[in-house]
Amino acid sequence: MTSPSPTPPPAALPPASAADLIAWYDRHHRRLPWRVGPAEQAAGRRADPYRVWLSEVMLQQTTVAAVKAYFEAFTARWPRVEDLAAAPDEEVMKAWAGLGYYSRARNLKACAERIVAVHGGRFPETAAELADLPGIGPYTAAAIAAIAFDEAATVVDGNVERVVARLFAIEEPMPAAKPAIRKAAATLTPATRPGDFAQATMDLGATICTPRKPACALCPWASACRARAQGIAETLPRRAAKAARPIRTGTCFVAIRADGSILLRRRPPKGLLGGMSEPPGTVWRVVGSGAAEDAATPPLAGRWRRLIGTVAHTFTHFHLELTVMRGEIAAGVAAPEGHWWSAASAVDGEALPSLFRKAIAAARGD
DNA sequence: AACACGTGGAG
DNA sequence: TCTCCAAGTGT
C-alpha cells in the first residue's frame, strides 16, 4: 500500500485536441519560404516534397533564422531534385559552408542521387520508404510524409518532445523519456491535416511552449496541460547535466601569396568538417593530454609570423583555441601536393567552415 | 547506447 | 563571458 501522495492528484483536465491546435495554427502559423500555408492548401496548392525535404534537412539542429538564406540559395540554384543530383559535390559543399553539420550536405547529395537513380526523380511517399534514404531519419521521414504526402505519421522533434513532455507531465529525464513521449505524441496525431498538425506543434514549441519562460497564457493547449497545472512546465523535459567540454589546441598556417591568394587543402571526407576546405595546419590535441606538441612546420617557405592571441571556436563537444600563423609567400610559388592557391576573390566562395573563415580573416588583418 | 557532429543567437 | 541550445542522423 502506498502512502498518500504529498500533493493531491491533479484534477481531471480536458484532453488536448488536435483540432484546437490546428485552429490556433490557422490563425498564428509562421510564414516560411518552404511552407504552404493553410489558405494556399485550401486553394489546392500542395507542398513540393523536394522543398519540404531540403528544408527539413537544413533545419536539423539548426535555427529557422540560419536556414532561410541557405534555403533560398539552394532552391534558386537547384530548383528540382534532379538539379541537385547533377550538381558537383564540391559546389554543394561550398553552398552549404557555414551551415554546419557537414555530413548533412554529403547525405543530401547522396539522397538526391538515389532519388533520381532509384526512384526516377520522385520522392517515396511513405515515412517507411523515406527513412531508408541517406540523411533521413525517423523525424525527417515522418515530417516529409506528413507535410508533403498527408500521411498520419507521428512527427517528433525537439519541439514536440518539449510540448508533449509538458502536456502529459512526463518527468522521466531525457533521453530515457523518448519512447513515452513518442507514444503520447502518437495519441495526439490526427488523421486529417497531419502535416499542419506537425507544423503547428513545432510552431507552438518554437514560439509559445519555449524552453525557458513558456507563454502559457497564449497556449491553445493550456487548459489541457498537466505540467502547467502542476506548475512544473518550465522544468520539463528534464535533462541530465552536460559533461564539461574539453579544450583542444592547434596551429593553422594562413599562407598569403604576393597576389593575395590563400593556400588551401581538402579535409578528409568523413569526420569533423569532413570534405570541407581549410588552410593547412596541425592536428588539434586536448590540452594536458600528455601528448607532445606537434612541430608546427609551415607548409611553404616564407616570412611567417604568429598572430597575437588565438582564434577561439566552440564545437558541440570541444572548444578549440587555434594559433594562427600568417605567412607572406613570394609571387609565383607553387602550391604543395594536395593544396591549391585560392585567389583572393575566390576565398569567400570556398567550402570553408566558419572556423577557418575566422582564421583567414584574422590573418588578413580584417 | 552513447557519442560524434557546427554554428550563431539568446539570455 | 558563458551556458544553452535549434525542425536529428549515423555509427
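Convention: sequence-line order gives letters A, B, ...; per-chain numbering from 1. Side chains included, hydrogens not; waters and symmetry mates left out as well; all remaining heavy atoms used.
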Tell me the interatomic distance from Asn107(A), atom CG, to dG10(C), atom P, rounded to whole angstroms. 6 Å
Base, sugar-phosphate, or nothing: which does Trp34(A) touch, judged by heavy atoms less than 4.0 Å apart? base
Using the salt bridge (charged side-chain N to carboxylate O under 4.0 Å, His left out) criterion, which residues pair with Lys183(A)? Sequence neighbours excluded. none
Say whether, by atom type as modelled, one donor and one acceptor occur between the side chain of Tyr70(A) and the main chain of Ala97(A) under 3.5 angstrom. yes
If you compare every side-chain N and O of Arg162(A) against the phosphate oxygens of dA6(C) (OP1, OP2), does one of them come in below 4.0 Å? yes
Looking across every strand, which nucleic acid part, if any, lies under 4.0 Å from Arg35(A) by heavy atom: base, sugar-phosphate, or nothing? base
Protein-nucleotide distance (His319(A), atom NE2; dC4(C), atom P), rounded to Å: 15 Å
Under 4.0 Å from OP1 or OP2 of dC5(C): is there any side-chain N or O of Lys242(A) that close? yes
Please state how far atom CZ in Arg104(A) lies from atom C1' in dG8(C), giving the value in whole angstrom units. 9 Å
Nearest nucleotide by nearest heavy atom, which residue falls closer to the 5' end of DNA chain B, Leu272(A) or Pro175(A)? Pro175(A)
Rounded off to whole Å, could you give me the CG-to-P distance for the Leu236(A) and dC5(C) pair? 13 Å
Please give the remaining members of the hydrophobic cluster of Val36(A), linking ILVMFWY side chains under 4.5 Å, ordered by chain and number. none
Any idea how Trp304(A) and Phe253(A) line up, ring-wise: parallel (<30°), tilted (30 to 60°), or perpendicular (>60°)? perpendicular
In whole angstrom, what separates Tyr70(A)'s OH from dA6(C)'s C1'? 15 Å
Under 4.0 Å between any heavy atoms, over every strand shown, what does Gly271(A) touch: base, sugar-phosphate, or nothing? Just pick one. sugar-phosphate
If the P atom of dG6(B) is compared with that of dT11(C), how far apart are they to the nearest Å? 14 Å
Please report, rounded to the nearest Å, how far the P atom of dT9(C) is from the CG atom of Leu130(A). 12 Å
With Arg35(A), which residues qualify under salt bridge (charged side-chain N to carboxylate O under 4.0 Å, His left out), at least two apart? Asp203(A)
Please list every donor-acceptor pair under 3.5 Å in which a side-chain atom of residues 354-365 of chain A meets a protein atom from a residue at least two apart or in another chain.
| from | atom 1 | to | atom 2 | distance (Å) |
| --- | --- | --- | --- | --- |
| Arg357(A) | NE | Leu352(A) | O | 2.7 |
| Arg357(A) | NH1 | Asp348(A) | O | 3.0 |
| Arg357(A) | NH2 | Asp348(A) | O | 3.4 |
| Arg357(A) | NH2 | Glu350(A) | O | 2.7 |
| Arg357(A) | NH2 | Leu352(A) | O | 3.3 |
| Lys358(A) | NZ | Ala312(A) | O | 2.9 |
| Lys358(A) | NZ | His313(A) | ND1 | 2.8 |
| Arg364(A) | NH2 | Ala344(A) | O | 3.2 |

Output all residues satisfying ring-ring contact (aromatic ring centres under 6.0 Å, His included) with Tyr101(A), sequence neighbours left out; order by chain, then residue number. none
Under 4.0 Å, counting only non-hydrogen atoms across every strand here, what does Val67(A) touch: a base, just sugar-phosphate, or nothing? nothing
Of the residues in residues 142-153 of chain A, which ones touch DNA chain B at a heavy-atom distance under 4.0 Å? none
Just distance, no hydrogens or angles: give the donor-acceptor pairs under 3.5 Å from side chains in residues 130-143 of chain A, sequence neighbours left out.
| from | atom 1 | to | atom 2 | distance (Å) |
| --- | --- | --- | --- | --- |
| Tyr139(A) | OH | Glu56(A) | OE1 | 2.5 |
| Thr140(A) | OG1 | Gln60(A) | NE2 | 2.9 |

For Glu90(A), the salt bridge (charged side-chain N to carboxylate O under 4.0 Å, His left out) test, sequence neighbours excluded, returns Arg266(A)
Sort me out a list of protein N/O and nucleotides 7-11 of chain B N/O pairs below 3.5 Å, or just none if empty.
| from | atom 1 | to | atom 2 | distance (Å) |
| --- | --- | --- | --- | --- |
| dT7(B) | OP1 | Tyr102(A) | OH | 2.7 |
| dT7(B) | OP1 | Ser354(A) | N | 2.8 |
| dT7(B) | OP2 | His313(A) | NE2 | 2.7 |
| dT7(B) | O3' | Ser354(A) | OG | 3.2 |
| dG8(B) | OP1 | Ser354(A) | OG | 3.1 |

Heavy-atom nearest nucleotide on DNA chain C taken for Arg239(A) and for Val156(A); more 5' hit belongs to Arg239(A)
Just how far, in rounded Å, is C1' of dT9(C) from NZ of Lys109(A)? 20 Å
Using OP1 and OP2 only, check whether a side-chain N or O of His317(A) sits under 4.0 Å from dC3(B). no
What is the distance, to the nearest angstrom, from the CD1 atom on Ile136(A) to the C1' atom on dG8(C)? 12 Å
Quick one: do Arg238(A) and Glu172(A) make a salt bridge, cutoff under 4.0 Å? no
